[in-house]
Amino acid sequence: MGMSSVAHRTTSRRNGWTWPPHPFQVIAWIVIVYLATFFYLTTAPSLVPPLEYANYAVFSVVFVVHLIVHLLACSINPADDEVIRKMGRGVKEVAAFDRSRHRHVIENFHCYICEVDVSMRSKHCSACNKCVAVFDHHCKWLNNCVGRRNYRLFLATLVSAVAGSLWISIFCLVEFITYFTDKSSGDVLVAYQGKLSAR
């Protein structure tokens, strides 16, 4: 099958919100909404008031931080400076790569698809169809490339997601254990506190 039969995309993705969304991105947002709903409607309310309020406060801070950094990591265009300048001039089309003329997409710091000179650590992402400054990888969960402009936001997204997941897991484990151990005192679970006060 020759190169002429391969479909050529004529445009590049601007950021993680450029259509179409990746299935992993959709899954990530469904999981975020599910875990937050699960936490706010089941995990936190089942604890006695001092623990309940502290649980709400800590998780809410982690959740809001995660939402902000996740949205920013998706929204930032991580492209090389020259690519962004070209996009700013309203040029949306990208060239087809001609393998008969060039061995690599980028040669001598010039991208033959983006048709601009790029910085030394820029690489052309085939998923986004643009050169990304200090390219790290294309994240399917963000539906965006990770590079110089959003690398710290990407790391913050990972750290806050892990922190929120650990927080929920720890309190689910606490509630599971206290389901068996808190029956006589009612110090942790609201359900047992209500039963003891009714006696």
Side-chain angles (χ1 to χ4, degrees), residues 7-41 56-97 105-106 109-169:
H8 163 65
R9 281 185 313 165
T10 59
T11 59
S12 58
R13 299 176 58 82
R14 185 167 292 276
N15 57 32
W17 305 111
T18 305
W19 200 257
H22 192 279
F24 284 1
Q25 183 184 29
V26 174
I27 290 169
W29 284 106
I30 289 170
V31 168
I32 289 168
V33 170
Y34 171 77
L35 288 177
T37 304
F38 173 76
F39 176 82
Y40 285 114
L41 296 181
Y56 274 130
V58 173
F59 182 77
S60 294
V61 168
V62 173
F63 183 66
V64 168
V65 167
H66 178 75
L67 278 181
I68 291 169
V69 295
H70 193 140
L71 288 167
L72 287 172
C74 284
S75 301
I76 288 177
N77 184 353
D80 186 89
D81 294 337
E82 293 302 317
V83 174
I84 289 177
R85 282 190 197 97
K86 183 179 175 183
M87 287 177 169
R89 293 191 304 263
V91 180
K92 294 182 180 178
E93 300 289 315
V94 292
F97 183 62
V105 172
I106 298 176
F109 308 119
H110 181 82
C111 177
Y112 290 100
I113 294 178
C114 296
E115 297 179 310
V116 294
D117 291 333
V118 294
S119 61
M120 185 171 68
R121 293 185 59 201
S122 291
K123 291 188 179 170
H124 191 88
C125 173
S126 59
C128 289
N129 205 24
K130 66 182 175 191
C131 286
V132 175
V134 192
F135 180 82
D136 186 74
H137 71 286
H138 181 84
C139 179
K140 295 175 182 177
W141 300 98
L142 296 175
N143 200 25
N144 200 10
C145 284
V146 175
R148 184 186 72 218
R149 295 178 192 278
N150 63 350
Y151 188 75
R152 287 183 179 155
L153 291 168
F154 169 74
L155 289 179
T157 301
L158 288 180
V159 169
S160 60
V162 169
S165 299
L166 280 174
W167 191 261
I168 291 172
S169 299

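All values below come from the heavy atoms of this structure, side chains included, with hydrogens, waters and symmetry mates left out. Throughout, numbering of the chain's residues begins at 1 and tracks the sequence.
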Please state whether the rings of Phe154 and Tyr151 are parallel, tilted or perpendicular, taking 30° and 60° as the class boundaries. tilted

With a 4.5 Å cut-off on side-chain heavy atoms, are Val31 and Tyr34 touching? no

Taken to the nearest 0.5 Å, the spacing of Asp117 CG from Ser119 OG works out to 10.5 Å

Over all atoms of both residues, closest heavy-atom pair of Ala95 and Tyr112: CB-O, 3.6 Å

If you compare all heavy atoms of Cys111 against all heavy atoms of Val118, which two are closest, and at what distance to 0.1 Å? CB-CG1, 4.3 Å

How long is the gap from CD1 on Ile84 to CG on Asn77, to the nearest 0.5 Å? 4.5 Å

So, the side chain of Asn150 versus the backbone of Cys145: is there a donor-acceptor pair under 3.5 Å, distance only? yes

Judged by atom type as modelled, is there a donor-acceptor pair below 3.5 Å linking the side chain of Asn144 to the main-chain atoms of Ala73? yes

Just wondering, do Met87 and Ser12 contact through their side chains at under 4.5 Å, heavy atoms? yes

Is it the case that atom CZ in Arg14 sees more than 12 heavy atoms from other parts of the structure closer than 6.0 Å? no

CZ/Phe109 to CG/Asp80 distance, rounded to the nearest 0.5 angstrom? 11.5 Å

Is there side-chain contact between Val94 and His124, with heavy atoms separated by less than 4.5 Å? no

Are Ser169 and Trp167 side-chain neighbours, meaning at least one heavy-atom pair lies under 4.5 Å? no

Do Arg148 and Asp81 have side chains that get closer than 4.5 Å, going by heavy atoms? yes

Distance-only, no hydrogens or angles: does the Lys130 side chain make a donor-acceptor pair with backbone N or O of Arg13 under 3.5 Å? yes

Mind checking whether Phe97 and Ile113 have side chains closer than 4.5 Å, heavy atoms only? yes

Using a distance-only test with no angle check, is there a side-chain donor-acceptor pair under 3.5 angstrom linking Asn15 and Ser75? no

How many angstroms lie between SG in Cys114 and CD1 in Ile106, if you round to the nearest 0.5 Å? 7.5 Å

Contacts table for residues 131-141: side-chain donor-acceptor under 3.5 angstrom, sequence neighbours left out:
none

Measure the spacing between CG of Leu71 and CD1 of Ile76 and express it to the nearest 0.5 Å. 11.0 Å

I need the Leu153 CG to Ile68 CD1 distance, nearest 0.5 Å. 11.0 Å

What is the ring orientation for Tyr56 with Phe39, classed by angle as parallel under 30°, tilted 30 to 60°, or perpendicular over 60°? perpendicular

Does any N or O in the side chain of Lys86 come within less than 3.5 Å of the main-chain N or O of Val116, such that one atom is a donor and the other an acceptor? no

Fit a plane to each ring of His70 and His66, take the angle between them on a 0 to 90° scale, and name the class: parallel (under 30°), tilted (30 to 60°) or perpendicular (over 60°). perpendicular

